[in-house]
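Okay, structure first, notes after.
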Amino acid sequence: MVYDENSKYLAKDTAENYEKYLPKYYFFDDEIREYVEETVVVENKLSRESFNSVLEFGVGSGRITELLMPISKKYKGIDISDSMIKRINRRFPVEKSQFEVFDINEFINQNIDGLRQYDFIGSYWAFNYAILSFFEYRDLSTGKTYAIDNLTEAEEKAKEQITKLFSNLSKGTKFLFLYFDAYSVEQSYVTSVLEQSLPFPYNDRGFTFRLFKKILHQLESVKFVHEHKSGFVILDDDEHLIEYFKNLHLKGYLDSDESIELLMNTFRAYKYEDGHYEIPAGMNIISGNITI
C-alpha cells in the first residue's frame, strides 16, 4: 500500500482523523417537518427492506454500513483507504461480510461478471470521486494531479463506466447513492480552495452529479428518483472547525495562517454565542431499481 500523507483518503491516519473530527450532519425530513441526522435519512429510505447480497462503494468509517449490515445476509464493502478497511474489518462479523481496499472503478472493471449477485448497491458520498477521476490524471513522477485537457473524451469515458455498472446489475436490484450539494455554503468554500490548484470540469464542481443523473435518465433499464435535502453540519467550536477542514475536507491545503484565517472568516456568520457552528449543507439522494 502506497500512502500519501497529503490525501484525506490515502494517509495512514485517515481512519483516525475521521474518528476524531467527522461531525454530524442534519437534513430536513419533509414528513416529520424537522431536521434529522444523515444516518436517519438513510435508515428511513431502507426501512422494511432486506437483502441477500449488498455492495457498498466507499464504506469509510462504517456509519452507513452499520445500518445495512443487519438487513443483509452477505455484505461486500470496498474503500480506497487502507486504514479505513483495517478499522472496519475489526467492527463487523467476518462470517457475513468482506471488506477490501479497492478503487471504485477498478472494482467495477475487475468484477463486471459478479455484479449481478448483488440485490442492493449503495454509495454514500464516494461515487463523485469515481466519476471525477476520469477528468483528472496523476503524474507519478511529481505526485501532482492535473486536469484532463480533452473534456469530451473524459465525459465519454465516465459515461461508459456508469453505463457499465448499471447495465450489469440484475433486474430488481435496488440502489441508493448520496451525493453532496456542490453549491451549498459548506461545499462552495471547499470548491473555492480546491479550484485554485485544479479546476473542476467546465469550472463546475456540480458537473459530475448532473452527468451521473443524465446518464441514468438515458438507461432504459434504470428507474430512479432524485431528492434534494437542505441541512447543516454542526462543528463544536473553532478547533473542531479548523481540524475538520484541515484533516478531512482540505487535507494538505490549509497549511498557512492566512488560509486558516480565511476559513474562520468564511464561516464566522454561522457561529453561535456558545462557540459552535451550524454551517448550511445539502445532500442529493438518488434511489431506484433495475427494471429490465
Side-chain angles (χ1 to χ4, degrees), residues 2 4 6-10 57-58 78-81 102-112 115 121-169 175 177-222 224-228 245 248-253 281-286 288:
V2 177
D4 181 351
N6 286 320
S7 168
K8 66 177 178 179
Y9 297 118
L10 300 179
F57 294 132
I78 66 167
D79 200 286
I80 198 172
S81 169
F102 245 118
D103 170 83
I104 292 174
N105 288 321
E106 288 181 2
F107 181 86
I108 294 170
N109 294 339
Q110 294 181 29
N111 295 274
I112 197 69
L115 292 175
I121 64 168
S123 184
Y124 312 102
W125 314 109
F127 202 69
N128 160 69
Y129 302 104
I131 299 176
L132 185 61
S133 67
F134 290 99
F135 296 87
E136 302 174 346
Y137 73 94
R138 189 172 180 84
D139 187 330
L140 297 179
S141 64
T142 64
K144 294 183 178 180
T145 303
Y146 301 91
I148 295 291
D149 292 327
N150 191 333
L151 292 177
T152 302
E153 182 179 318
E155 189 172 339
E156 187 59 33
K157 288 181 178 179
K159 177 181 178 180
E160 290 174 0
Q161 188 72 351
I162 297 168
T163 302
K164 181 190 297 184
L165 169 61
F166 284 89
S167 296
N168 283 281
L169 299 175
F175 55 85
F177 285 67
L178 304 189
Y179 228 99
F180 62 81
D181 179 354
Y183 310 115
S184 67
V185 171
E186 176 204 23
Q187 291 296 334
S188 291
Y189 163 72
V190 175
T191 300
S192 71
V193 176
L194 294 177
E195 66 185 2
Q196 292 179 32
S197 58
L198 185 66
F200 289 97
Y202 304 101
N203 296 311
D204 180 5
R205 193 164 174 230
F207 170 77
T208 55
F209 174 69
R210 292 201 309 279
L211 178 63
F212 180 48
K213 196 168 72 163
K214 173 185 175 182
I215 295 168
L216 291 185
H217 271 302
Q218 294 174 351
L219 296 174
E220 293 183 1
S221 62
V222 173
F224 77 97
V225 294
H226 167 219
E227 299 174 70
H228 177 272
F245 281 89
L248 298 184
H249 268 325
L250 293 169
K251 190 175 178 68
Y253 287 88
M283 173 171 64
N284 291 298
I285 305 172
I286 296 288

Using every non-hydrogen atom in the two residues, find where [X] and [Y] come nearest and quote the distance to one decimal.
{"X": "L211", "Y": "A158", "result": "CD2-CB, 3.9 Å"}
{"X": "I148", "Y": "E136", "result": "CG1-N, 3.5 Å"}
{"X": "S167", "Y": "L219", "result": "OG-CD2, 4.3 Å"}
{"X": "A147", "Y": "L198", "result": "N-CD1, 3.2 Å"}

Query raised in the report: Can the ring centres of F135 and F207 be said to be less than 6.0 Å apart?
Result: yes
Report task. Report yes if the distance between the aromatic ring centroids of F175 and F166 is under 6.0 Å, otherwise no. Result -> yes
Report task. Quick one: list whatever passes side-chain hydrogen bond (donor to acceptor under 3.5 Å, both in side chains) with K159, sequence neighbours left out. Result -> none
Query raised in the report: What is the ring orientation for F212 with F127, classed by angle as parallel under 30°, tilted 30 to 60°, or perpendicular over 60°?
Result: tilted
Query raised in the report: Residues in side-chain contact (heavy atoms from CB on, under 4.5 Å) with N168, at least two apart?
Result: I112, L115, R116, K164
**Report entry** Sequence-distant partners of S133, side-chain contact (heavy atoms from CB on, under 4.5 Å), two or more places apart
**Finding:** N105
Requested in this report: Might you work through the ring-ring contact (aromatic ring centres under 6.0 Å, His included) test for F245 and Y189, ending with a clear yes or no?
Outcome: CA-CA 10 Å; F245 281 89; Y189 163 72; 5.5 Å; yes
Report summary line: Hits for ring-ring contact (aromatic ring centres under 6.0 Å, His included) against F57, two or more places apart or cross-chain, chain-then-number order -> none
Requested in this report: Quick one: which residue pairs count as a side-chain hydrogen bond (donor to acceptor under 3.5 Å, both in side chains) with a foot in residues 211-222, not counting sequence neighbours?
Outcome: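 Passing the test, one end in residues 211-222: K213-H226.
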Report summary line: In V190, L132, N128, the residue satisfying side-chain contact (heavy atoms from CB on, under 4.5 Å) with R205 is V190
Query raised in the report: Is a donor on one side and an acceptor on the other found under 3.5 Å between the side chain of Q196 and the backbone of S192?
Result: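 The answer is yes, because a donor-acceptor pair under 3.5 Å joins these two groups.
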Listed pairs under 3.5 Å, donor-acceptor, residues 178-186 side chains, sequence neighbours left out:
| residue | atom | partner | partner atom | Å |
| --- | --- | --- | --- | --- |
| Y179 | OH | T208 | OG1 | 3.4 |
| D181 | OD1 | Y183 | N | 2.9 |
| D181 | OD2 | H228 | NE2 | 2.8 |
| Y183 | OH | D204 | OD1 | 2.6 |
| Y183 | OH | D204 | OD2 | 3.3 |
| Y183 | OH | R210 | NH1 | 2.8 |
| S184 | OG | D181 | O | 3.1 |
| S184 | OG | Q187 | N | 3.2 |
| E186 | OE2 | Y25 | OH | 2.3 |
| E186 | OE2 | H249 | NE2 | 2.8 |

**Report entry** Reported CD1-to-CZ distance for the pair I285 and F224, which is rounded to 0.5 angstrom
**Finding:** 13.5 Å
